[in-house]
Amino acid sequence: MTVVTADLAMSLDGFVAGTDISPDNPGGKGAEALFQWIHNLASWRERQGMTGGEDNEDSEIMREWFDSTGAVVMGRTMYDTGEEPWGDEPPFRTPVFVLTHRPRRTLVKEGGTTFTFVTDGIHSALEQAKAVCGGRNVDIAGGARTVQQYLRAGLIDELQLHVVPVLFGAGLRLFDDLGAERRRLEIVRVVDTPLATHLKYRVHK
């Protein structure tokens with residue numbers, strides 16, 4: 001059964017990006033503090049075509065995400081701020097559906113990643129992703145505004161947060177703009193490591 005997930009690194013005070021986001025600095029000011037724990041993990045390096053790295057609990061959690069994800073949905077800003085964008089061989093290695101108001105042809109990249117640009121809304125993007133995910137999960141990759149849209153619509157089944165021990169004080173919060181409806185979450189797993197606290201929740205509908 002396909003599960004719709006969202007998986008994000010977050011500061012202790014709830015920010016998933018810093019201030020001054022731009023194409024040259026997609027995570028905003030200070031964002032390296034959110035992601036530096038990932039870069040030396042064996043599973044992450046393998047995904048980038050590199051060798052070596054730490055093979056630990058953090059790495060296994062990242063590998064679990066890679067192995068279980070069959071398609072990805074992202075917003076146009078996340079696509080545009082990828083590395084030109086996302087290089088010749090992006091790390092997704094699955095179909096990616098990009099929410100946009102600007103139609104363009106599907107891009108086929110090396111390594112199994114395709115970018116399909118969806119102009120008719122979040123439900124259409126999700127249905128297209130489910131149709132090609134091969135029974136694996138569909139991940140709502142971001143950015144925060146895209147995840148917020150899917151949360152408001154009640155379309156996310158599981159939420160995994162990698163809470164990094166840093167305080168931002170300002171930036172882009174994940175849980176802003178969710179509306180007044182109360183949502184109940186069930187804790188599925190908590191893994192605490194020296195690098196991050198990994199929190200996995202099931203979202204009750």
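Residue indices begin at 1 and follow the sequence shown. Computation of the quantities below employed the complete heavy-atom set of this structure, encompassing side-chain atoms and omitting hydrogens, waters and symmetry-equivalent molecules.
In terms of heavy-atom proximity, Val147 sits nearest to Ala6 at CG1-CB, 4.1 Å. Closest of all the heavy-atom pairs between Pro90 and Thr113 is O-OG1, 3.6 Å. Between Pro95 and Gly70, the closest heavy-atom pair is CD-O, 3.4 Å. Shortest non-hydrogen contact noted between Asp58 and Ala196 is OD1-N, 4.4 Å. Scanning all heavy atoms of the two residues, the minimum distance from Ser11 to Leu34 falls at N-CD2, 3.3 Å. Summarising the geometry of Trp37 relative to Ala9, their closest heavy-atom pair is NE1-CB, 4.3 Å, with the distance given to 0.1 Å.
For the side chain to side chain donor-acceptor pair (under 3.5 Å) test with Gln160, the passing option among Arg189, His198, Glu64 is Arg189; the others fail.
With sequence neighbours left out, the ring-ring contact (aromatic ring centres under 6.0 Å, His included) criterion links Phe168 to no other residue. By the salt bridge (Lys or Arg N to Asp or Glu O under 4.0 Å) test, Asp192 pairs with no residue at all, sequence neighbours left out. Legend: residues meeting side-chain contact (heavy atoms from CB on, under 4.5 Å) with Glu110, ordered by chain and number and at least two apart, are Glu89. Residues satisfying the side-chain contact (heavy atoms from CB on, under 4.5 Å) test with Arg145, not counting sequence neighbours, are Gln148, Leu172, Asp177.
Two residues are said to be in side-chain contact when any heavy atoms from C-beta on lie closer than 4.5 Å; Leu107 and Tyr79 meet this criterion. The closest side-chain heavy-atom distance from Ile187 to Tyr201 is below 4.5 Å. Residues Thr116 and Val96 are not in side-chain contact: their nearest non-hydrogen atoms beyond the backbone lie 4.5 Å or more apart. At a threshold of 4.5 Å between non-hydrogen side-chain atoms, the residues Pro91 and Gln48 count as touching. The closest side-chain heavy-atom distance from His162 to Trp65 is not below 4.5 Å. Counting heavy atoms from C-beta outward, Val190 and Thr197 have side chains that approach closer than 4.5 Å.
Salt bridge annotation for Lys205-Asp157: present, with a cationic side-chain nitrogen under 4.0 angstrom from a carboxylate oxygen.
Under a hydrophobic clustering in which Ile, Leu, Val, Met, Phe, Trp and Tyr are joined whenever their side-chain heavy atoms come within less than 4.5 Å, directly or via other members, Val191 and Val163 fall into different clusters. No single ILVMFWY cluster, assembled from side-chain heavy atoms under 4.5 Å apart, contains both Val188 and Leu155. In this structure, Val3 is not a member of the same hydrophobic cluster as Met62, with clusters built from ILVMFWY side-chain heavy atoms closer than 4.5 Å. The hydrophobic cluster containing Val16 also contains Leu178, counting ILVMFWY residues as joined when their side-chain heavy atoms lie under 4.5 angstrom apart, directly or transitively. One hydrophobic cluster, built from ILVMFWY side chains closer than 4.5 Å, cannot hold both Phe92 and Met50; they sit in different ones.
In this model, a donor atom of one side chain and an acceptor atom of the other lie less than 3.5 Å apart for Asp139 and Thr5.
Here the side chain of Lys109 pairs a donor or acceptor atom with the backbone of Gly87 at under 3.5 angstrom. One N or O on the side chain of Arg173 and one on the backbone of Asp13 form a donor-acceptor pair closer than 3.5 Å. A distance-only check finds a donor-acceptor pair linking the side chain of Ser59 to the backbone of Ser43 [under 3.5 Å].
The salt bridge (Lys or Arg N to Asp or Glu O under 4.0 Å) analysis of residues 35-53, with sequence neighbours excluded, yields the pairs Glu46-Arg63.
Separation of atoms CG (Leu159) and NZ (Lys200) is listed at 11.0 Å; rounding is to 0.5 Å. Considering CH2 of Trp86 and CG of Asp80, their distance stands at 11.0 Å, rounded to 0.5 Å. Distance check: Phe175 CZ to Leu161 CG gives 5.0 Å after rounding to the nearest 0.5 Å. Here OG1 of Thr2 is found 10.0 Å from CZ of Arg136. Values are rounded to the nearest 0.5 Å. The line from CG of Leu12 to CG of Leu167 is 5.5 Å long, rounded to the nearest 0.5 Å. Atom-to-atom distance recorded for Ile61:CD1 and Ile38:CD1 is 11.0 Å, nearest 0.5 angstrom.
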Practice problem: Take Phe97 and Val132 through the test side chain to side chain contact (heavy atoms under 4.5 Å, CB included) and record every step on the way to the result. | Solution: CA-CA 11 Å; Phe97 296 86; Val132 298; 3.8 Å; yes
Exercise. Verify side chain to side chain contact (heavy atoms under 4.5 Å, CB included) between Trp44 and His39, making sure each step is shown before the conclusion.
Key: CA-CA 6 Å; Trp44 177 261; His39 296 152; 3.8 Å; yes
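Heavy atoms of other residues, nucleotides or ligands lying less than 6.0 angstrom from NE2 of His101 number 12 at most.
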Show me, pair by pair, the donor-acceptor contacts under 3.5 angstrom made by side chains of residues 120-128, not counting sequence neighbours?
from: Asp120; atom 1: OD1; to: Ser124; atom 2: OG; distance (Å): 2.8
from: Asp120; atom 1: OD2; to: Ser124; atom 2: OG; distance (Å): 3.2
from: Ser124; atom 1: OG; to: Gln128; atom 2: NE2; distance (Å): 3.0

